[in-house]
Amino acid sequence: MAEKSRNFIEEIIDADLKDGRTRKVITRFPPEPNGYLHIGHAKSICLNFGLAESYKGYCNLRFDDTNPVKEDVEYIEAIKRDIEWLGFHWENECYGSDYFEFMYECALTLVEKGLAYVCDLTAEEIREYRGTLTQPGKNSPYRERSTEENLALFQKMRAGAFADGEKVLRAKIDMASPNLNMRDPVIYRIVHAPHHRTGDAWCIYPMYDFAHPLEDAMEAITHSVCTMEFEDHRPLYDWFIENCDCKNVPHQYEFARLSLTHTLMSKRYLKKLVDDGVVSGWDDPRMPTLSGVRRRGYTPEAIRDFAERIGVSKANSEVDIKLLEHCVREDLNKNATRLMGVLRPLKLTVTNYPEGKTETFMAEDLPGGEEKHEVVFSRNLFIEQEDFMEVKPNNKYFRLSVGGEVRLKNAYIIKCESVVKDGQGNITEVLCTYDPDSSTGGPTAGRKVKGTLHWAEEKTALPATVRLYDYLIDEQGELNTDSLTILNHALVEPFAGKARGRGRFQFIRQGYFTIDELDSEPGTLVFNQIVVLKDSFAKTLKS
RNA sequence: UGGGGUGUAGCCAAGUGGUAAGGCACGGGACUUUGACUCCCGCAUUCGUAGGUUCAAAUCCUGCCACCCCAGCCA
């Protein structure tokens, strides 16, 4: 049995700790409050909070709210709820906007050092001056303004003297750098829009590249872990830390973001699904959001286990969603209360069982477990339509057919004697006899029969609405609107009533059904079916 | 065709000069009052590729190939 290997970031930290560069590990999880967290964020959350946990440091939750037009307080609460649900605790709840004054001071420092200037070029002109991937850019005509003029102009920007887009503050670095991020990046832009936290206190807002390192420095972050696309922003990150004379020197490290097969995770698409009404909201059980999979019955333990298993590396990869499903099943299998349920009821009458008689059997909550609940048996039952065929198709058929025997789980072995049909020839009822000695502990309890069926008793079973969330995309890769939501009625054992709102249970064979904790509709169950958003659907959204 | 990054099994991923961990998936078998679970067994003579160094290379060197990211006043 091999030891759990350390990921490359842990090795960096080990080295930093060893040679004294770091005394206490401080990380941060810095979402922009512009959408809900999804499984991809879970990887980052587990990494950042997990690192802090295992090195006995701490992790801050920081809302990177430097762009007022995209952000909203609605998302802040949702994000906090999801992180807590995953089981992590932040040391400090921070906001980039809390540091606006500090960032402004830093910008002033850069201006005073001659390392930043106010530029009057339009957005289009800046793009033209930036050059291309293969050609160097050229200097802005405003690049050589005097420090005094820059100071005055920047202060006027803050004071609201200019309209949106009229001027920007830029870092003076190198317009010929092969790294486009270093070609005099914009660090402040004018946005006359109310900010969800600072209101109209500001009309200039710092850009990510400028704000992020300063936020990290402000919070004494030691290891600023982000995704690969920021790798070539690192020289800029270091440039700001150095030139703004930061006391704390954080370092940025990058890892590959999570990509899952059959799943779309960009906020842009998820937001479109919500805005277009394709789903009922960010927490629709078909969504790959944390709030969505939570409603689908995923557990935080399963997600954390998944994050652990996929590892952390720099290789861009696509993880098979089967691994996520495996983690969920494994956790559910250990902890999910077992109940029986019948989705599409087919009447079953035990003809040799006395009318009016009932018996109570004990059913294990978990296989082999101590906890049990009662199930009532009588002459009048229901089984799943799918579990019956008048004529068995072959010898690999494990369910009930005329002349065949099966066990009703937790109860008796029954034999199908005949069926009742309606005028159209549809089977409306199955007539069976039972073996009175075959219940648990009985003389013939050990008899081997082909299969075991779930069942529900006519009078004691609870009706419930089961919502089957099916694939958004059919096998041909086309959007199948008919399958979006299928409502079914089901009968479940009385125990379901007690479990409602907290329990999870395994249902029938293939899937896990969970009790929807967030749905207000009583007795609503959600079929644990993963949402599939195939590439073709991504194309549909793009067009 | 500028810069940055990544290539180990169908999918992730360890491995840091001493002869390819582990998980998922998959296949076979045992067990079973869930066709589930559990338990066994199998699954890379080879690490993108071509050379080189070495007693020894996935690991070091050189060339080549493939894929990802960057030209927002988004993050």
Side-chain angles (χ1 to χ4, degrees), chain A residues 1-7 11 30-32 34 64-67 69-71 96 119 121-123 126-128 130-137 164-170 177-183 185-191 204-205 207-209 211-212 226-235 254 256 258 261 267 306 308-327 329-330 333-334 338 340 363-364 367-368 396-399 406-413 438-440 445-454 506-510 512:
Chain A
M1 190 62 196
E3 290 278 305
K4 163 75 188 134
S5 55
R6 330 212 76 200
N7 66 50
E11 291 190 356
E32 183 186 16
N34 68 344
D64 212 350
D65 55 351
T66 56
N67 185 359
V69 302
K70 286 196 172 181
E71 297 150 10
C119 183
L121 255 28
T122 64
I126 286 180
R127 195 189 321 128
E128 286 161 20
R130 189 156 30 226
T132 68
L133 294 177
T134 52
Q135 289 167 270
D164 288 8
E166 209 175 320
K167 286 179 168 42
V168 291
L169 184 71
R170 294 227 255 167
S177 171
N179 181 347
L180 303 222
N181 296 117
M182 302 299 273
R183 319 243 262 228
V186 171
I187 59 182
Y188 263 97
R189 76 286 213 182
I190 299 169
V191 182
I204 56 171
Y205 292 92
M207 298 288 287
Y208 167 86
D209 282 321
H212 209 87
C226 64
T227 44
M228 292 300 286
E229 65 269 27
F230 294 105
E231 196 157 32
D232 41 36
H233 292 235
R234 191 174 353 118
E254 310 83 13
L258 172 65
T261 58
K267 265 190 215 169
F306 173 69
E308 191 68 36
R309 294 204 203 195
I310 56 177
V312 179
S313 77
K314 292 169 93 83
N316 76 330
S317 56
E318 189 177 41
V319 177
D320 194 331
I321 197 149
K322 285 188 162 85
L323 178 57
L324 208 211
E325 293 175 327
H326 167 82
C327 293
R329 268 187 242 110
E330 188 175 76
N333 185 45
K334 267 184 276 185
R338 265 59 166 184
M340 293 189 291
E364 290 171 336
K396 296 285 275 179
Y397 187 70
F398 289 81
R399 311 183 197 185
V406 294
R407 173 175 290 281
L408 292 177
K409 190 170 167 60
N410 301 128
Y412 297 107
I413 291 173
S438 63
S439 65
T440 307
R447 266 176 65 208
K448 302 287 178 225
V449 288
K450 201 70 180 173
T452 303
L453 263 41
H454 274 224
Q506 193 187 32
F507 199 60
I508 315 182
R509 276 168 286 278
Q510 281 83 4
Y512 291 91

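Lettering of chains follows the sequences in order, A, B, ..., and the numbering in each one begins at 1.
- What separates CD of A/Glu318 from C1' of B/C67 is a distance of 13 Å, to the nearest Å.
- Counting distance only, with no hydrogens placed and no angle test, the side-chain atoms of A/Thr440 and the base atoms of B/U33 include a donor-acceptor pair under 3.5 Å.
- Counting heavy atoms from C-beta outward, A/Arg170 and A/Leu121 have side chains that approach closer than 4.5 Å.
- The backbone N or O of A/Tyr208 sits nowhere less than 3.5 Å from a side-chain atom of A/Thr66 that would complete a donor-acceptor pair.
- One interatomic measurement links the two molecules: CZ of A/Arg234 to P of B/G3, which rounds to 17 Å at whole-angstrom precision.
- Comparing the C1' positions of B/C60 and B/G15 gives a spacing of 16 Å, expressed to the nearest Å.
- Nucleotides B/C43 and B/G27 have their C1' atoms positioned 8 Å apart, rounded to a whole Å.
- In this structure, A/Thr227 reaches neither bases nor backbone, as no heavy-atom distance under 4.0 Å exists between it and the strands shown.
- Between A/Tyr188 and A/Val168 the shortest side-chain heavy-atom distance does not fall below 4.5 Å.
- B/U46 and B/C39 have their P atoms separated by 32 Å, with the value rounded to a whole Å.
- What separates CZ of A/Phe398 from P of B/U34 is a distance of 12 Å, to the nearest Å.
- Residues A/Glu231 and A/Lys450 each lie close to RNA chain B; by heavy-atom proximity, the contact nearer the 5' end of the strand is made by A/Glu231.
- Map A/Ser438 and A/His326 each onto its nearest nucleotide of RNA chain B; the residue landing nearer the 5' end is A/His326.
- Atom P of B/C26 sits at a distance of 30 Å from the matching atom of B/C69, rounded to the whole Å.
- Taking the P atom of each, B/G42 and B/G23 are spaced 12 Å apart, rounded to whole Å.
- Atoms CD (A/Glu330) and P (B/U38) sit 7 Å apart, rounded to a whole Å.
- Contact check on A/Arg309 versus A/Glu330 returns a salt bridge, with a Lys/Arg side-chain nitrogen under 4.0 Å from an Asp/Glu carboxylate oxygen.
- Going from atom CZ of A/Arg329 over to atom C1' of B/A25 covers 11 Å, rounded to whole Å.
- Atom P of B/U45 sits at a distance of 13 Å from the matching atom of B/A58, rounded to the whole Å.
- Glycosidic conformation at B/G72 (O4'-C1'-N9-C4 for purines, O4'-C1'-N1-C2 for pyrimidines): syn, within 90° of 0.
- Under 4.0 angstrom from either OP1 or OP2 of B/U34 there lies no side-chain N or O belonging to A/His454.
- Within the 4.0 angstrom heavy-atom criterion, only backbone atoms of the sugar-phosphate kind lie near A/Val312; the bases stay farther away.
- Taking every side-chain heavy atom of A/Pro367 into account, B/U34 is the closest of B/G15, B/U34, B/U1.
- Proximity note for A/Glu11 (side chain, C-beta onward) versus B/U16, B/C24, B/G4: the nearest is B/U16.
- Rounding to whole angstrom units, NZ of residue A/Lys314 and C1' of B/C67 are separated by 17 Å.
- Side chains of A/Arg189 and A/Asn67 form a contact here, defined as non-hydrogen atoms less than 4.5 Å apart.
- Side-chain atoms of A/Glu254 and A/Arg234, non-hydrogen and from C-beta on, do get closer than 4.5 Å to each other.
- One C1' atom belongs to B/G10, the other to B/G17, and the distance between them is 31 Å to the nearest Å.
- A donor-acceptor pair is defined here as one N or O able to donate and one able to accept, closer than 3.5 Å; such a pair exists between the side chain of A/Arg183 and the backbone of A/Arg130.
- What separates CZ of A/Arg6 from C1' of B/G22 is a distance of 17 Å, to the nearest Å.
- Looking only at distances, a side-chain donor or acceptor of A/Arg407 sits under 3.5 Å from a matching main-chain atom of A/Ala445.
- Among the heavy atoms of the strands lying under 4.0 Å from A/Lys396 is at least one base atom, whether or not backbone atoms are also near.
- In this structure, A/Asn316 places its CG atom 10 Å from P of B/G7, rounding to the nearest Å.
- Between the A/Ser177 side chain and the A/Asn179 main chain, a donor and an acceptor come within less than 3.5 Å of each other.
- One C1' atom belongs to B/A13, the other to B/A21, and the distance between them is 9 Å to the nearest Å.
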| Taking protein heavy atoms under 4.0 Å as touching, what does nucleotides 70-75 of chain B look like 5' to 3' if B marks base contact, S marks sugar-phosphate-only contact and - marks none? | BBSBBB
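- Panel note: side chain A/Asp65, backbone A/Gly96; a donor-acceptor pair is recorded below 3.5 Å.
- Distances were taken from every side-chain heavy atom of A/Val319 (C-beta onward) to each of B/U33, B/C24, B/C12; the shortest belongs to B/C12.
- Counting any heavy atom pair closer than 4.0 Å across all strands shown, A/Arg309 reaches sugar-phosphate atoms only and no base atom.
- A/Lys448 comes within 4.0 angstrom of the backbone, heavy atoms only, and of no base.
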| note | Note, RNA chain B 5' to 3' with Watson-Crick or G-U pairs under 3.5 Å encoded as ( ), [ ], | and . gives .(((((((.[[[..)..(...]]].(((((.......))))).....[[[[[..)....]]]]])))))).....
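- Side-chain contact between A/Phe398 and A/Thr452 is absent, with no heavy-atom pair separated by less than 4.5 Å.
- Counting heavy atoms from C-beta on, the side chains of A/Leu133 and A/Leu180 come closer than 4.5 Å.
- At the phosphate of B/A13, OP1 or OP2 sits under 4.0 Å from a side-chain N or O atom of A/Ser313.
- In terms of phosphate contacts, A/Lys322 brings no side-chain nitrogen or oxygen within less than 4.0 Å of OP1 or OP2 of B/G10.
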